[in-house]
Amino acid sequence: MSIAMSAVDISRALTRISHEILERNNGCESIVLLGIPTRGAHLAQRIGANIATIEGREIPVGTLDITLHRDDLRMRPPRALMSTMIPVDGIQGRDLILIDDVLFSGRTIRAALDALGEIGRPRSVQLAVLVDRGHRELPIRADYVGKNLPTSRQQSVKVHVTEIDGVDEVLIESQGDL
Amino acid sequence: MGTYLLTGGNLADGAATQIYIADGVIVEVAPKILHPGAAIATEIKVDGCILLPGFVDLHTHLREPGREDSETIASGSRAAAKGGFTAVSAMANTFPVADTAGVVEQVYRLGQATGLCDVFPIGAVTQGLAGKQLAELGAMADSVARVRVFSDDGECVFDPMVMRRALEYVKQFGGVIAQHAQEPRLTQGAQMNEGIISSRLGLKGWPAVAEEAIIARDVLLADHVQSRVHICHLTTAGGVDIVRWAKARGIAVTAEVTPHHLLLTDERAISYDPVFKVNPPLRTHSDVMALREGLADGTIDIVATDHAPHPAESKECEWQAASFGMIGLETAFSIVQATMVDTSLMSWSDLADRMSNAPARIAGYADHGQPLDAGSSAHLTVINPTASWRVDRDLVASRSRNTPFHGMELPGRIVATFFRGEPTVLNGALVRTVEGV
Amino acid sequence: MRHLLSIADLSYVDALSILDTAQEMARVSDAPVKKLPTLRGRTIVNLFLEDSTRTRISFEAAAKRLSADVINFSAKGSSVSKGESLKDTAQTLQAMGADAVIIRHPASGAAQWLADSAWMSGSVINAGDGTHEHPTQALLDAFTIRKHLSANSGDLRGLSVAIVGDILHSRVARSNVLLLSMLGAQVIIVAPPTLLPVGVESWPAQVSYDFDSVLPLVDAVMMLRVQQERMSDYFFPTPREYSHYFGLNRDRLGFMKKTAIVMHPGPMNRGLEITAECADSARSVIVEQVTNGVSVRMAVLYLLLAGSPTSPGVAI
């Protein structure tokens with residue numbers, strides 16, 4: 001097991017992503033952040049806070065649970081649903097930034113895109129992730145990446161956030177590590 | 001006819017003994033047989049076994065005529081022999097109902113033809129079991145079958161006037177009315193014992209009082225007309241109290257309990273498996289304990305099986321749609337040993353009384369239930385009290401498989417059954433197959 | 001858990017997990033597109049051997065919102081009315097590849113019997129069996145109570161609920177007593193003694209014959225349907241007398257706490273157990289119960305069917 005990102009690394013990456021989002025979207029007028037539970041939701045809150053500090057105004061931040069749209073439901077025991085909280089003004093016509101902790105196969109993001117379909121039609125959908133570890137199984141890429149982390153399929157990437165895990169860090173575990 | 005020498009066994013009182021049987025009769029009972037014929041008799045070693053008089057069942061549904069898909073007199077006789085019985089009493093609720101001399105003679109003759117045990121028909125009390133008009137009780141009593149026990153079992157003789165007349169009428173030939181005590185209005189649509197379990201399961205309750213009210217009425221009626229009444233399948237603690245009270249008053253009442261009511265409780269219904277659906281229903285633990293106590297102290301005179309075969313489709317359905325009843329001939333002895341003897345409530349002599357002597361006496365089967373003495377008819381059952389076996393519904397001799405004891409490990413094996421001096425069961429297996437079974 | 005047969009089979013955690021899941025499902029029901037792909041390719045059979053349009057269409061809506069294929073099989077006009085046994089029906093459904101059977105049956109225990117039998121391998125969901133249980137009704141009732149009185153989360157601790165009417169014949173009452181008490185609510189059963197089962201003292205509920213004294217104490221009043229035909233079995237003298245003692249009317253509404261809600265599983269006998277005025281009052285959540293029914297049934301279908309059929313579930 002090795003540490004791929006420390007708390008400082010994570011903080012820097014989120015700050016950079018926050019700036020990139022503002023730059024790409026010409027400010028924060030039209031943007032909505034949706035974090036994918038559980039850890040993506042906390043990252044969304046932090047990016048939202050960063051942007052609020054930079055721009056001096058609050059922006060809408062919500063969560064989007066994608067469980068019901070997963071294509072691998074039948075491969076595991078039933079999962080508990082996480083909460084979906086769409087900001088009151090909705091996503092219609094907005095520039096929507098999906099935020100997740102790790103981008104891997106791309107299947108979560110596909111499910112998220114499906115899930116958005118039942119909620120509304122944003123002007124654009126962009127994707128921000130803390131870690132892109134490669135091994136895509138679908139034609140999906142991230143618009144904002146905290147760190148590209150080359151991994152093998154046998155390894156697993158664990159993102160810890162203080163809100164849940166008491167510490168900010170990204171770990172790589174190889175099989176056999178315990 | 002063969003001659004047999006049983007060696008190595010014990011009598012119910014524990015005395016080591018040999019028994020020499022010839023020409024259908026017990027010739028000699030002694031620790032060492034002196035009779036010269038014993039030397040050339042077939043020796044059957046029954047080491048460690050107990051020799052009991054052949055069991056007598058006062059309550060058996062053999063289904064013939066009419067429902068030969070679930071049981072025949074031949075298949076029921078096989079089940080009886082395997083269970084250690086040498087006499088069974090065929091209940092009247094057949095199609096047609098055994099309410100005429102013709103039907104009871106047919107049943108009797110089929111039993112004799114099968115020849116594995118005596119099949120004594122029980123006559124219906126009322127025509128068609130309808131509870132209105134008395135059946136021709138006298139004609140049945142006079143028939144070849146010499147019927148002495150009458151019952152509408154399955155139905156209660158509910159009309160008190162009809163019951164009174166029946167009790168009076170059978171006095172002329174020493175008959176007895178066996179009452180299925182079930183107040184019909186209180187049990188309309190009833191599915192199981194009414195109590196905590198039924199309240200949870202949402203199955204319509206069958207109150208104990210529906211049974212007890214009829215028992216109370218009938219012991220008072222029997223007292224009034226100075227006749228005999230027999231209470232079928234007693235199931236409640238209150239019923240035991242009423243019978244105990246009646247006997248103390250000198251009323252000529254006798255009562256039976258089934259093996260399943262000595263063991264199982266209404267909690268079995270929680271499975272909604274209709275194999276546990278029976279009339280009268282399984283009751284509570286305290287009822288079971290009261291029944292055991294009543295059987296031990298003689299308040300309840302006998303064990304009777306209420307062997308009630310049903311075809312698979314009558315039990316492979318939702319509880320409400322299923323038929324009432326369980327088979328019991330082949331398991332009766334083991335259940336009684338488990339609940340009464342192994343619990344030290346009764347001795348082996350008591351068991352012989354409740355399963356052989358007393359039922360034969362109540363029904364007037366003079367040839368059965370005799371003590372194992374020289375000169376008695378050679379109806380006897382050899383049991384191994386230390387062996388155990390697992391009930392398998394696929395291995396029963398009965399045509400039906402509706403045993404509630406499937407999969408249970410039970411104590412006591414029937415090693416051999418002798419009917420009129422000939423073995424029907426040896427080494428736990430039927431001696432011969434019967435055609436048409 | 002593979003089946004939902006009785007509330008008695010659920011743990012506290014299971015029950016809360018269903019309610020929490022239902023809450024997420026409710027969001028879908030409010031969305032402009034009321035459709036999820038979750039159960040795509042799954043076949044669900046509505047086996048209704050007793051008339052109940054409401055429950056059937058509620059399950060049907062729930063299944064369809066999750067994209068399952070729904071086959072409706074009702075007694076009328078089917079081979080069941082021609083004497084086909086439950087066994088043959090079950091084997092037929094199995095042969096057709098049903099992943100789940102939602103069964104409504106007039107016989108108590110029919111759902112359990114079907115689930116325990118080897119006749120079919122799919123999930124069995126009890127949609128009301130005789131006078132035994134109706135678990136999804138209790139779950140939607142608990143969901144409705146929680147939404148109004150428990151801030152839409154957690155359990156029902158601190159709340160009191162009266163269940164009023166024909167307890168003896170009510171599967172809704174049996175399921176609700178088990179569920180509401182498990183979730184921490186105090187349950188008071190109100191009925192004439194004739195409409196209470198022998199053995200009710202073993203239930204996790206208090207019993208009262210006096211509706212008026214109970215009304216000021218409770219946060220929710222659940223009125224049960226009283227069938228007119230009960231009269232012929234001497235359960236009560238006349239409908240008028242029943243209404244007088246056990247019906248919910250305007251006067252009684254006045255005795256209730258200001259925040260208390262009025263519930264009814266439907267269909268109502270307006271004028272017998274509940275007056276139209278009460279049924280349509282601001283206190284009444286009866287229509288909302290129907291809406292919540294779909295969410296709760298979606299949750300149950302999701303938890304029973306979405307996961308792997310072989311691996312054991314986490315919560316339910």
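- Here the closest heavy-atom approach between residue A/Ser83 and residue C/Glu24 is recorded as CA-OE2, 3.3 Å.
- For A/Glu55, the CD atom sits in a packed shell: over 12 heavy atoms of surrounding residues, nucleotides or ligands are nearer than 6.0 Å.
- Separation of atoms OG1 (C/Thr21) and CE (A/Met82) is listed at 10.5 Å; rounding is to 0.5 Å.
- Minimum interatomic distance between C/Arg27 and A/Glu118 (heavy atoms only, all atoms of both residues): NH1-OE2, 3.9 Å.
- Enclosure of atom CZ in A/Arg121 is not indicated, since only 12 or fewer non-hydrogen atoms of other residues, nucleotides or ligands lie within 6.0 angstrom.
- For C/Tyr302 (side chain) and A/Ala80 (main-chain N/O), no donor-acceptor pair under 3.5 Å exists by modelled atom type.
- Dense packing is recorded around CD of A/Glu137, with more than 12 heavy atoms of other residues, nucleotides or ligands lying under 6.0 Å away.
- No more than 12 heavy atoms of other residues, nucleotides or ligands lie within 6.0 Å of CD1 in A/Ile3, so this atom counts as exposed by the packing criterion.
- C/Arg40 CZ: 12 or fewer foreign heavy atoms inside a 6.0 Å radius.
- A distance of 8.5 Å separates OG1 of C/Thr38 from CG of A/Leu81, quoted to the nearest 0.5 Å.
- Here the straight-line distance linking atom CG of A/Leu68 with atom CG of C/Leu66 works out to 7.0 Å at 0.5 Å rounding.
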